[in-house]
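This report refers to the structure that appears directly beneath it.
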Amino acid sequence: MSSKPFNPFQMAQQQFDKVAEILGLDQATRDLLRVPMREYHFSLPIRMDDGGFKVFRGFRIQHNDARGPGKGGIRFHPQETVDTVRALSMWMTWKCACVNIPLGGSKGGIVCSPHSLSMTEQERLCRAWVRAVARDVGPVLDVPAPDVMTNAQHMLWMLDEFEHIHGGKYPGFITGKPVGMGGSLGRTEATGYGVVFTIREALKELGAKAADTKAAVQGFGNVAQYAIELYQQIGGKVVCVSCWDEGAQQAFSFLKKDGIDLAALRKITDRFGSIDRKKAADLGYEIAPGEAWLEQEVDILIPAALEHSITGENVHKIDRRVRLIAEGANGPTTPEADHVLQERNIFTIPDFLANAGGVTCSYLEQVQSNMNYFWEKDEVLSKLDVMMTSAFIAVSDTAKKRKLSMRDAAYVIAVARVAQACKDRGWV
Ligand code: GLU
């Protein structure tokens, strides 16, 4: 057990180094891919509603754009760090390559706590972020999207600011826009549904039926809620969800043996995905400590909150019944914990495959925005399903052929594609 603070970028580099070795990449390619190509760090002075100013830190980090414009979300989080954004930008490169969409990897963030910001303050923050990077992002350079604690409204403010600066309509600048304002039907559901498309495929490999399975979910934000929605539709039962409580500054788990009622829980959940504990208790939920989700006697675990949730310290608490882990979050499992999961033969669908539905749908949104013609929801979701399922099958075939874990197989496919693009362009 290490007492060093967790550093997601070191973790991303550790994962990359392992795959660089498997692929036998040359030194120049390793040097290019193990760090982001470009980073923008800036201060954002914002006039607050009380008339005073407050200065926030913002970032946009472009890891690699050999396969197409950078792509990746913007997070609002009080604990955001440069190294978190670096790691997330790198994971975006692998994610886009893994599902084979013509995009690179980027990520952005603002260190802030949206819980304590009014909507007008958040609007000013969004506009200031765009002003800071307006010349370095755009439809053919780098395309942002929602992520933790940002949504379609934030995207529209950002688009509006970008269009003011550049004097034109550029719907391809950003994805995750509101439907009717250039957004795609299905984009809100896409990440969570995509997680379940991969769960469905994994269950086929494990010879299990969704209807015979139970799951515990970490998180109750956008990804978790839609993953639960589709998982329940295919017959699964969710017996535990956990979420962060901003007031208490800790997470809690909500347990219901005969299965949670998604619609009822949504009604008592705020826009940040925090469930009201008192109302949940009134509805008969047992409230347990935040980490209880990990210890449930279930078949499937779905970490769908933040990075660093299954670690060397807690991996041993995972119940013997668990056969499948689908990583809805980015970077939820540390390499130390991953090693234990492999030893225990727990089938793990790695983050940049399991949660690739969001960016895949963003790509479909870009296509629709660029041709200014929008598809029905069914058409979007069935395209998404085909793309996610093909990616899953490719990773699973590689895992079997090369006797690799699903994570290493996904990495092998993604890194090889990006390395090849860099080579073909004559960069290395
Ligand atoms: N923020 C999402 C992710 O981590 C979506 C990114 C996008 O749509 O560009 O994959």
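Computed from a predicted model, the values in this text were never measured in an experiment. Keep in mind that the numbers below use all heavy atoms, side chains included, and drop hydrogens, waters and symmetry copies. Whatever order the structure lists them in is the order used to number ligands and atoms, beginning at 1.
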Task: Which residues share a side chain to side chain donor-acceptor pair (under 3.5 Å) with Q122, sequence neighbours left out - done: H154
Open item on the list: If you count heavy atoms of other groups shown closer than 6.0 angstrom to CG of N345, is the number above 12?
Closed with: no
Open item on the list: Under a 3.5 Å distance rule, please check whether N222 uses its side chain to pair with a backbone N or O of T188 as donor and acceptor.
Closed with: yes
TODO: Sequence neighbours left out, what pairs pass ring-ring contact (aromatic ring centres under 6.0 Å, His included) with at least one residue falling in residues 158-188?
DONE: F162-H166, F162-Y170, F162-F173
Compile the donor-acceptor pairs under 3.5 Å between side chains in residues 373-380 and protein atoms, sequence neighbours left out, one pair per line.
from: K377; atom 1: NZ; to: E189; atom 2: OE2; distance (Å): 2.7
from: E379; atom 1: OE2; to: K383; atom 2: NZ; distance (Å): 3.0

Quick check for students: name every N or O atom pair between ligand 1 and the protein closer than 3.5 Å, with distances.
from: ligand 1; atom 1: 1 (N); to: P146; atom 2: O; distance (Å): 2.9
from: ligand 1; atom 1: 1 (N); to: D147; atom 2: OD2; distance (Å): 2.6
from: ligand 1; atom 1: 4 (O); to: K95; atom 2: NZ; distance (Å): 3.1
from: ligand 1; atom 1: 4 (O); to: K107; atom 2: NZ; distance (Å): 3.0
from: ligand 1; atom 1: 4 (O); to: D147; atom 2: OD2; distance (Å): 3.3
from: ligand 1; atom 1: 4 (O); to: N330; atom 2: ND2; distance (Å): 3.2
from: ligand 1; atom 1: 8 (O); to: R187; atom 2: NH2; distance (Å): 3.0
from: ligand 1; atom 1: 8 (O); to: S362; atom 2: OG; distance (Å): 2.5
from: ligand 1; atom 1: 9 (O); to: K71; atom 2: NZ; distance (Å): 2.8
from: ligand 1; atom 1: 10 (O); to: K95; atom 2: NZ; distance (Å): 2.7

Task: Flag for D351-N330: side-chain donor and acceptor within less than 3.5 Å - done: no
